[in-house]
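This report refers to the structure that appears directly beneath it.
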Amino acid sequence: MKIINKPSDNFIHDIINADLAADLAAGKRTEVVTRFPPEPNGYLHIGHAKAICLDFGTAEKYNGRCHLRFDDTNPEAEDEEYVQAIQKDIKWLGFDWGDHVYWASNYFDTMYEYAVRLIKKGKAYVCELTQEEFKNHRGVPTEPGTEPPGRDRSAEENLELFEKMKDGEFEDGSCVLRARIDMTSPNLHMRDPALYRIKRATHHNTGDKWCIYPMYDFAHCIEDSIEGVTHSMCTLEFEVHRPLYDWILQELDVFQPQQIEFSRLNLTYTVMSKRKLLELVNEKLVNGWDDPRMPTLCGMRRRGFTPEAIRKLCGIVGATKVESISEVELLESCVRDDLNETSPRAMAVIDPIKVIIENYPADLVETFDLPNHPKKEELGTRTVPFSRELWIDAMDYTDVPLNNKYKGFAPGREVRLRGAYLATCAAVEKDSDGNVISITCTYDPDSKGGSAPDGRKVKGTIHWVSAQHAVDAEIRNYDRLFTEENPLANKEADFKDLINPDALQITTAKLEPGLAQAKPGDRYQFERVGYFCADLDHTEAAPIFNRTLTLRAPRKV
RNA sequence: UGCCCGAUAGUGUAAUGGAAGCACAUGUGACUUUGACUCAUAGGGUCCAGGUUCGAACCCUGGUCGGGCAACCA
């Protein structure tokens, strides 16, 4: 299949199209290889989803391949737990790396050889300055730095010192290997950056084999090069690292991938940095990485968001170099759009009040087969019991309707009990404080199914649950994590003070009985309320449902 | 006061020298056995100033504003 002349979705594909055309013209092999390179030091969030969609999506588009590569060059931060979680989340999102899973740590031998090569060329040296001392030599952005002592040592000496570093003859932090580039460069990253540091830490993959570990700048370009990555996409903050990326590979004279930077995904009412999310977890402001309020993929999964919706969002926001904050409404729209199509309907009463149907036989139970989806017959039907006493939602009763959009009961008012009968409110019983305790009504036995033989119309259709059959459930109502669109906008303030106290509100509800059999993760639309999914901890005996999102347009009565 | 990057409706994103579109959000209306969905409809935009050109969101010059960069993190 021809892989050039694919329509462009973004500036990155423009670049790839041009590269492929040039390769073709030069008679070279045309190929696209990308990679997603997480450090296994935390959970993936929706910002990573954007990168994943770009990396895997681009490879798919050009019939190339995308590698999953764990960038495990800092053993102190990394953990096997994250390795498993990252793989699970990528698969959940719908992408597959096939056999192409790699580890930076598998290239440690090659990296060491490459470092030796640089030393031999006089392009790297062992520097014994402390961090603080080197900082003084590096200087500040507005002034050139100065060359540190020992910079002009012979290659032989450096080779010997570097070998001693590797052999553990020096203390942690006593020296580093530096690239010998230009201490006066206007780009701080080119002022003799560190390539290797000494760190006695057990690596999850290489154990105690190494006591020196390569820095990101040295490791990443080499990883890309070894794997034959053609287009190495990363976020904007690495733009100033690109000259170094290119310098290292040129000095090494090895295959040179192209680094392309794009802007991170930001969403309103949340934060997207691993460090800040970790703070929320550590300070127990949320219940772990998979708290449904979190923008992590595992949190969103538990919340009930779908991978399809997240992928759709990533497609819509695209890839540019503009630093932007997308409105969370866009994500929510993608989620509702998908859930509306796919989730079966059910009835659940969140804020129950009792309805007694005076003229309905006390011992009668009828069942109704209601469609699971109003527009998709193929989703089938479920059986819902109906009896003399029902639960309806408190919002569906009022003494005096405030406007003509009101759908519920009011004294003398007839409404449709969804899928069952028309019923007219006869009386209401209140406690001494004026709170509604119960409503009595009469039903029209000829309106079975919800329509009257005389064809009369009713204003509203409300949902209900048979009281004697209702299943009690815990409902976790989730909302936005922060009260501010951009919790980080005020640099003086602590973003953690801006957490929305109402982002989780736990209530109990009356569910139609079939819902108890839901399996953890099953998604539903509770009609007229919102989208919900059975929580990870849900059981038939103790049902728990998470509110994914309310339906659009909050009720204004 | 160094270097790098960016700037198109409220938000995100197209238009690559030839009619400024789309989506979300918002307003109005229709439909509805979900105040959902669906459908129709409205408002609203090229940071500023010059220049090149028959023609500029796009090219050039100068500003303005926003972001990034001074870990032995990635």
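By convention in this document, chain letters (A, B, ...) are assigned in the order of the sequence lines, proteins followed by strands, and residues within each chain are numbered from 1.
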(request) Tell me what A/Arg345 touches on the nucleic acid: a base, only sugar-phosphate, or nothing, going by heavy atoms under 4.0 Å. (result) base
(message) Of the listed nucleotides (B/rU33, B/rU13, B/rA25), which one gets closest to any side-chain atom of A/Glu327?
(response) B/rA25
(message) Classify A/Lys274 by what it touches in the nucleic acid, base, sugar-phosphate, or nothing, heavy-atom distance under 4.0 Å.
(response) nothing
(request) Find the partner of B/rU34: check Watson-Crick (N1-N3 plus N6-O4 or O6-N4) and G-U wobble (N1-O2, O6-N3) distances, both under 3.5 Å, and reply none if neither fits. (result) none
(message) Tell me whether the side-chain N or O atoms of A/Glu323 pair up with the base of B/rG68 as donor and acceptor below 3.5 Å, since no angle test is needed here.
(response) no
(request) Remember a base hit wins even if backbone is also touched, and classify A/Asn187 as base, sugar-phosphate or nothing at under 4.0 Å, heavy atoms. (result) nothing
(message) Taking the ring centre of each residue, are A/Tyr443 and A/Phe386 less than 6.0 Å apart?
(response) no
(message) Counting the atoms with a prime plus P, OP1 and OP2 as sugar-phosphate, which does A/Thr130 contact under 4.0 Å by heavy atoms, base, sugar-phosphate, or nothing?
(response) base
(message) Once you apply a heavy-atom cut-off of 4.0 Å, does A/Arg138 come out as touching a base, just sugar-phosphate, or nothing?
(response) sugar-phosphate
(request) Could you work out the separation of B/rU46 and B/rA19 based on their C1' atoms and round it to a whole Å? (result) 15 Å
(message) I want to confirm an ordering. Mapping A/Ser8 and A/Phe134 to their closest nucleotides on RNA chain B, which one lands closer to the 5' end?
(response) A/Ser8
(message) Measuring from the side chain of A/Arg552 (C-beta onward, heavy atoms only), which nucleotide among B/rC72, B/rA74, B/rA25 has the closest atom?
(response) B/rA25
(request) Let me know, please, whether A/Ser447 or A/Ser324 comes out on the 5' side of the other along RNA chain B by nearest nucleotide. (result) A/Ser324
(request) Taking atom P in both B/rU41 and B/rA49, compute the distance separating them and give it to the nearest angstrom. (result) 35 Å
(message) Would you say the ring centers of A/His189 and A/Trp247 fall short of 6.0 Å from each other?
(response) no
(request) Decide, for B/rA71, between syn and anti: a glycosidic angle within 90° of 0 counts as syn, anything else as anti. (result) syn
(request) Could you check which of B/rA70, B/rA23, B/rC3 has an atom nearest any side-chain atom of A/Ile316? (result) B/rA23
(message) Is there a side-chain contact between A/Arg197 and the phosphate of B/rA74, meaning an N or O under 4.0 Å from OP1 or OP2?
(response) yes
(message) Quick check on B/rC73: is either OP1 or OP2 less than 4.0 Å from any side-chain nitrogen or oxygen of A/Lys199?
(response) yes
(request) Pick out which of A/Ile86, A/Asp71, A/Ile52 makes a side chain to side chain contact (heavy atoms under 4.5 Å, CB included) with A/Pro38. (result) A/Ile86
(message) Taking B/rG66 as the reference, what is the distance to B/rU61 when you measure between their P atoms (whole Å, please)?
(response) 23 Å
(request) Decide if the gap between the ring center of A/Tyr245 and the ring center of A/His241 is smaller than 6.0 angstrom. (result) no
(message) For A/His203 and A/Phe108, I'd like to know if the aromatic rings sit close, meaning centre-to-centre distance below 6.0 Å.
(response) yes
(message) Applying a 4.0 Å non-hydrogen cut-off, can you work out what A/Pro374 is touching in the nucleic acid: base, sugar-phosphate, or nothing?
(response) base
(request) Classify the nucleic acid contact of A/Ser263 as base, sugar-phosphate or nothing, counting any heavy atom under 4.0 Å across all strands shown. (result) nothing
(message) Quick check for you: among B/rC37, B/rC73, B/rG2, whose closest atom lies nearest to any side-chain atom of A/Met215?
(response) B/rC73
(request) Scan A/Gly318 against the nucleic acid and name what it touches under 4.0 Å (heavy atoms): base, sugar-phosphate only, or nothing. (result) nothing
(request) Kindly point out which of B/rG6, B/rG67, B/rG2 is positioned nearest to the side chain of A/Val322? (result) B/rG6
(request) Please work out if A/Leu422 contacts a base, only the sugar-phosphate, or nothing of the nucleic acid, heavy-atom cut-off 4.0 Å. (result) nothing
(request) Go ahead and name the base partner of B/rG29; Watson-Crick or wobble counts if both distances stay under 3.5 Å, otherwise write none. (result) B/rC39
(request) Check every strand shown and say whether A/Leu417 touches a base, only sugar-phosphate, or nothing at a heavy-atom separation below 4.0 Å. (result) nothing
(request) Give one of base, sugar-phosphate or nothing for A/Asp14, where a contact means two heavy atoms less than 4.0 Å apart. (result) base
(request) Among B/rA36, B/rG6, B/rC37, find the nucleotide with the atom closest to the side chain of A/Lys375. (result) B/rC37
(request) Assign A/Leu330 to base, sugar-phosphate, or nothing according to its heavy-atom contacts below 4.0 angstrom with the strands shown. (result) sugar-phosphate
(request) Tell which nucleotide pairs with B/rA57, taking only Watson-Crick or G-U wobble pairs whose two distances are both under 3.5 angstrom. (result) none
(message) Please report whether the ring centroid of A/Tyr107 lies less than 6.0 Å from that of A/Tyr114.
(response) no
(request) Check whether the ring centres of A/Tyr43 and A/Tyr82 lie less than 6.0 Å apart, and answer yes or no. (result) yes
(message) Any strand counts, and the cut-off is 3.5 Å on both contacts for Watson-Crick or G-U wobble. Which nucleotide pairs with B/rC22?
(response) B/rG12
(message) I want to know whether A/Phe162 and A/Tyr196 have ring centres closer than 6.0 Å.
(response) yes
(message) Under 4.0 Å from OP1 or OP2 of B/rC24: is there any side-chain N or O of A/Arg336 that close?
(response) no
(request) May I ask you to evaluate whether A/Thr73 reaches the phosphate of B/rA74, defined as a side-chain N or O under 4.0 Å from OP1 or OP2? (result) yes
(message) Would you measure the distance from the C1' atom in B/rA74 across to the matching atom in B/rA15 and give it in whole Å?
(response) 36 Å
(message) For a quick check, tell me whether the side chain of A/His241 and the base of B/rA74 share a donor-acceptor pair closer than 3.5 Å.
(response) yes
(request) Could you please name the partner base of B/rU46, counting Watson-Crick and G-U wobble pairs only when both distances are under 3.5 Å? (result) none
(request) Kindly point out which of B/rG12, B/rA74, B/rC5 is positioned nearest to the side chain of A/Tyr216? (result) B/rA74
(request) Write down the distance separating the C1' atoms in B/rC60 and B/rU26, rounded off to the nearest Å. (result) 40 Å
(request) Would you classify A/Glu329 as touching base, sugar-phosphate or nothing, given that sugar-phosphate means primed atoms plus P, OP1 and OP2, and contacts are heavy atoms under 4.0 Å? (result) sugar-phosphate
(message) At less than 3.5 Å, do the side-chain atoms of A/Gln525 and the base atoms of B/rU34 form a donor-acceptor pair?
(response) yes
(message) Please classify the nucleic acid contact of A/Val240 as base, sugar-phosphate, or nothing, using heavy-atom distances under 4.0 Å.
(response) base
(request) Determine which nucleotide pairs with B/rG66, using a 3.5 Å limit on both distances of a Watson-Crick or G-U wobble pair. (result) B/rC5
